[in-house]
Peer 1: 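A single structure is presented below for examination.
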Amino acid sequence: MDFVEYAGKQILAAAGLAIPRGIHCTTAEDVVDAVRILGPSAIKAQVPIGKRGKAGGIKLVGDETEARSAAGQILGMSIGGYRVPSVLVEQKAAISREFYAAVMNDTAARQPLVLFSAEGGMDIEELAQSRPEAICRIAVDIEKGLDARQVGAALAAVDLGAQRDAVAELLVRLYEVYLQRDAELVEINPLAVLADGSLVALDCKFRIDDSAAFRQTEQLAQGTPEPRSELEARGAELGFKYIELDGEVGLLANGAGLTMTTMDVIAHCGGRAANFLEIGGDAYTKATPALELVLANPKVKSLVVNFCGAFARTDVMTQGVVDAWATLRPTVPVFFSIHGTGEEEAVAILQQHLGIEPYDRMEDAVQAAVEAAR
Amino acid sequence: MILRKQHSVLIQGITGRQGRFWSAKMQEYGTRIVGGVNPKQAGETCCDVPVFASAREAADELGGIDLSVMFIPPVSARDAAIDAIEAGVRQLVVLTEHIPAQDVMRIHAAARHHGTRIVGPNTAGIVTPGEAFAGIMPAFNRRVFMPGDIGVISRSGSLGTLICLNLVNAGFGQSAFLGIGGDPMLGTTTVEALRALQADERTRAIVIVGEIGGAMEEEAADALREVGKPVVSFIAGRASPPGKKMGHAGAIVMGDQGSYRSKRERLETGGAQVVDTPGQIADALRQALARA
């Protein structure tokens with residue numbers, strides 16, 4: 001789950017990190033009031049994606065008139081599929097240097113990674129390309145944790161001036177925030193050094209691990225879900241991983257790998273998938289609502305059902321499909337391939353209720369579905 | 001890495017519905033289950049084996065345990081895994097999906113210190129046809145698994161099942177099926193599974209069933225020359241839109257990193273034959289074996 005800048009900064013502030021003086025606003029009137037209080041400010045669109053500035057989502061204003069105009073432009077605009085619901089009005093600060101600081105999951109190393117650069121402000125991926133030596137990487141042993149001495153040693157060669165101790169302390173705190181909140185990523189870019197030498201988080205990217213929902217429930221409620229179509233929202237409510245696509249061949253399969261492969265074979269046969277939806281794991285008992293979801297997409301012209309059961313019993317899934325068929329009485333042609341656990345029972349259920357024989361090879365079932373959709 | 005019939009196996013969470021169902025299937029097939037774990041039912045018997053309060057207690061009582069299979073929900077997966085690791089279990093099959101990433105990191109850190117091999121998380125398990133299996137694979141389905149000389153490495157249980165079925169259809173049996181799992185942080189990577197099959201005398205050729213996301217297939221590609229056995233591969237996710245999580249948390253492409261093209265090119269450069277659909281694997285294997 002991604003967090004907008006404002007929500008992320010609240011988490012940083014609660015952990016004792018300095019953030020600029022700012023006011024979160026949802027209307028142009030509030031923005032004008034905020035600028036009256038704060039003086040010259042930045043008006044920043046609150047959507048959880050990068051490069052907001054380039055998209056016109058960040059404007060610097062000097063007075064209330066400019067504030068009204070900027071608020072009018074930014075509120076409600078669309079950035080990367082998100083409608084901007086609110087802006088953060090932040091007091092302009094006198095900046096002397098810009099650093100970069102982040103903590104993230106290093107999936108290849110299977111441990112946390114702390115990143116720091118004295119050359120903040122720019123896109124970190126660009127910096128990693130052009131000057132990788134400017135980025136300091138600190139691999140953390142999650143059992144031992146991170147202390148200021150370890151950070152100090154790692155940053156020994158970096159020119160940090162009077163901020164050396166403050167940076168080390170900040171990175172340790174940032175790591176603590178990462179641990180406590182089950183973050184996948186917490187990034188401060190830029191981390192500004194103000195004229196008085198203090199460190200302030202000017203921007204913040206924050207992402208919490210969805211799998212940690214059972215212990216981060218309250219925190220996750222402050223996040224911003226990905227933009228979803230109506231059907232995707234319905235899928236999420238039902239607890240499915242459903243992604244709506246542009247094609248015309250609807251598909252239902254069990255397991256992520258098999259579902260992706262079914263999409264690949266649809267493409268290989270010259271068709272296009274209408275959705276991604278898998279009912280693997282415990283979801284295998286929910287074939288009925290899953291099929292209803294697939295068929296609710298008006299673009300679907302044919303359907304391929306591809307089951308290869310290991311944990312997921314194909315007889316249970318096929319019964320679910322047959323039940324949905326009896327209720328919905330859909331007119332789209334459907335093509336099956338069924339193998340694995342419970343296969344014989346599944347084939348019998350299919351023959352008895354729908355009078356259909358499954359294809360032995362999934363490629364043949366997909367080919368037939370692609371042709372039927374033409 | 002490869003399970004043998006003499007290996008002693010512990011089932012953590014044996015008394016649950018799935019634990020019980022799959023333990024019975026494993027036993028029927030030939031897996032030597034020596035005990036189970038459930039703190040609330042310690043002292044009882046389940047599936048004809050004693051139930052212990054912890055893996056540590058099981059190890060104390062039974063002696064060394066070769067492998068443990070975890071039927072444990074995400075909330076308690078970390079503690080159960082660390083219990084098994086500290087009990088000296090040599091290999092741990094983590095079936096659980098959706099374990100928080102930081103818990104997965106702690107599991108891997110503990111495994112590093114104790115020298116435990118982790119398979120998974122989010123794996124469907126491992127099968128040695130004709131001998132034993134550990135996990136939730138349909139090893140007992142004779143259309144899917146048959147003793148033979150093809151080693152199969154798969155990130156996905158469902159797709160791995162389909163590929164094994166295609167192999168048996170074409171007359172190929174398997175020396176081992178190694179389900180390595182769909183988590184973004186796996187204990188056993190593709191290249192590590194590849195090394196195990198390289199060392200396995202029964203394995204004559206290898207099928208790598210990969211997926212978009214991460215860099216495991218690329219890493220394995222660079223080791224193919226040393227492996228010295230024919231390798232055929234199918235990579236799932238070619239038609240997946242970029243930037244979207246396709247079910248497996250590990251299957252996400254950002255930019256070109258983890259992309260289908262990158263994996264396919266590297267595998268082909270390494271000498272593997274990469275096919276477009278699962279149905280083409282058997283023919284490709286036949287050709288590769290004829291050339292070898």
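First the proteins, then the strands, lettered A, B, ... as listed; each starts at 1.
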Peer 1: Checking B:A139 against chain A: side chain, backbone, both or neither under 4.5 Å from a heavy atom?
Peer 2: neither
Peer 1: Checking A:Y178 against chain B: side chain, backbone, both or neither under 4.5 Å from a heavy atom?
Peer 2: both
Peer 1: Highest number of heavy-atom pairs under 4.5 Å with chain A: which of B:Q18, B:R112, B:M137?
Peer 2: B:Q18
Peer 1: When heavy-atom pairs shorter than 4.5 Å are enumerated against chain B, which of A:D360, A:D364, A:N306 gives the highest number?
Peer 2: A:D360
Peer 1: Pick one of side chain, backbone, both or neither for B:I107, based on which atoms fall under 4.5 Å of a heavy atom in chain A.
Peer 2: neither
Peer 1: Taking the side chain as C-beta and beyond, is there a heavy-atom pair between A:I243 and A:L245 under 4.5 Å?
Peer 2: yes
Peer 1: Taking atom types as modelled and ignoring hydrogens, do the side chains of A:Q367 and A:E371 form a donor-acceptor contact shorter than 3.5 angstrom?
Peer 2: yes
Peer 1: Contact part of B:I99 toward chain A, heavy-atom cut-off under 4.5 Å: side chain, backbone, both or neither?
Peer 2: backbone
Peer 1: Top residue by heavy-atom pair count (under 4.5 Å) with chain B, among A:L179, A:T259, A:T341, A:V265?
Peer 2: A:L179
Peer 1: Between A:V177 and A:F206, is there a side-chain heavy-atom distance shorter than 4.5 Å?
Peer 2: yes
Peer 1: To the nearest 0.5 Å, what is the distance between OG1 (B:T161) and CG (B:N141)?
Peer 2: 9.0 Å
Peer 1: Below 4.0 angstrom, N of the basic side chain to O of the carboxylate: do B:E217 and B:R155 qualify?
Peer 2: yes
Peer 1: Which residues pass the side chain to side chain contact (heavy atoms under 4.5 Å, CB included) test with A:A373, sequence neighbours left out?
Peer 2: A:E248, A:V249, A:K301, A:S302
Peer 1: Any ion pair linking B:E218 and B:R266 (charged N to carboxylate O, less than 4.0 Å)?
Peer 2: no
Peer 1: Can you tell me which of B:L95, B:L162, B:N166 forms the most heavy-atom pairs within a distance under 4.5 Å of chain A?
Peer 2: B:L162
Peer 1: Given the options B:I235, B:I136, B:T189, which has more heavy-atom pairs under 4.5 Å with chain A than any of the others?
Peer 2: B:I136
Peer 1: Please classify the contact between B:A124 and chain A as side chain, backbone, both or neither, with a heavy-atom cut-off of under 4.5 Å.
Peer 2: neither
Peer 1: Relative to chain A, which segment of B:I163 carries a heavy atom at a distance below 4.5 Å: side chain, backbone, both, or neither?
Peer 2: neither
Peer 1: With a 4.5 angstrom heavy-atom cut-off, which part of A:Q111 approaches chain B: side chain, backbone, both or neither?
Peer 2: both
Peer 1: Between A:D209 and chain B, which part of the residue has a heavy atom less than 4.5 Å away: side chain, backbone, both or neither?
Peer 2: side chain
Peer 1: A:A212 versus chain B, heavy atoms under 4.5 Å apart: side chain, backbone, both or neither?
Peer 2: both
Peer 1: I'd like to know which of B:K25, B:R106, B:R238 tops the heavy-atom pair count under 4.5 Å against chain A.
Peer 2: B:R106
Peer 1: With distance as the sole test, does B:Q280 use its side chain to make a donor-acceptor pair with the main-chain N or O of B:D276 at under 3.5 Å?
Peer 2: yes
Peer 1: Do the side chains of B:R143 and A:E343 get close enough for a salt bridge, i.e. N-O under 4.0 angstrom?
Peer 2: yes
Peer 1: Does any heavy atom of chain B fall under 4.5 Å from the side chain of A:A213, the backbone, both, or neither of them?
Peer 2: neither
Peer 1: What part of A:A253 lies closer than 4.5 angstrom to a heavy atom of chain B: side chain, backbone, both or neither?
Peer 2: neither
Peer 1: What is the ring orientation for B:W22 with B:F133, classed by angle as parallel under 30°, tilted 30 to 60°, or perpendicular over 60°?
Peer 2: perpendicular
Peer 1: Using heavy-atom distances under 4.5 Å, tell me whether A:R215 contacts chain B through its side chain, its backbone, both, or neither.
Peer 2: side chain
Peer 1: Below 4.0 angstrom, N of the basic side chain to O of the carboxylate: do A:R110 and B:D183 qualify?
Peer 2: no
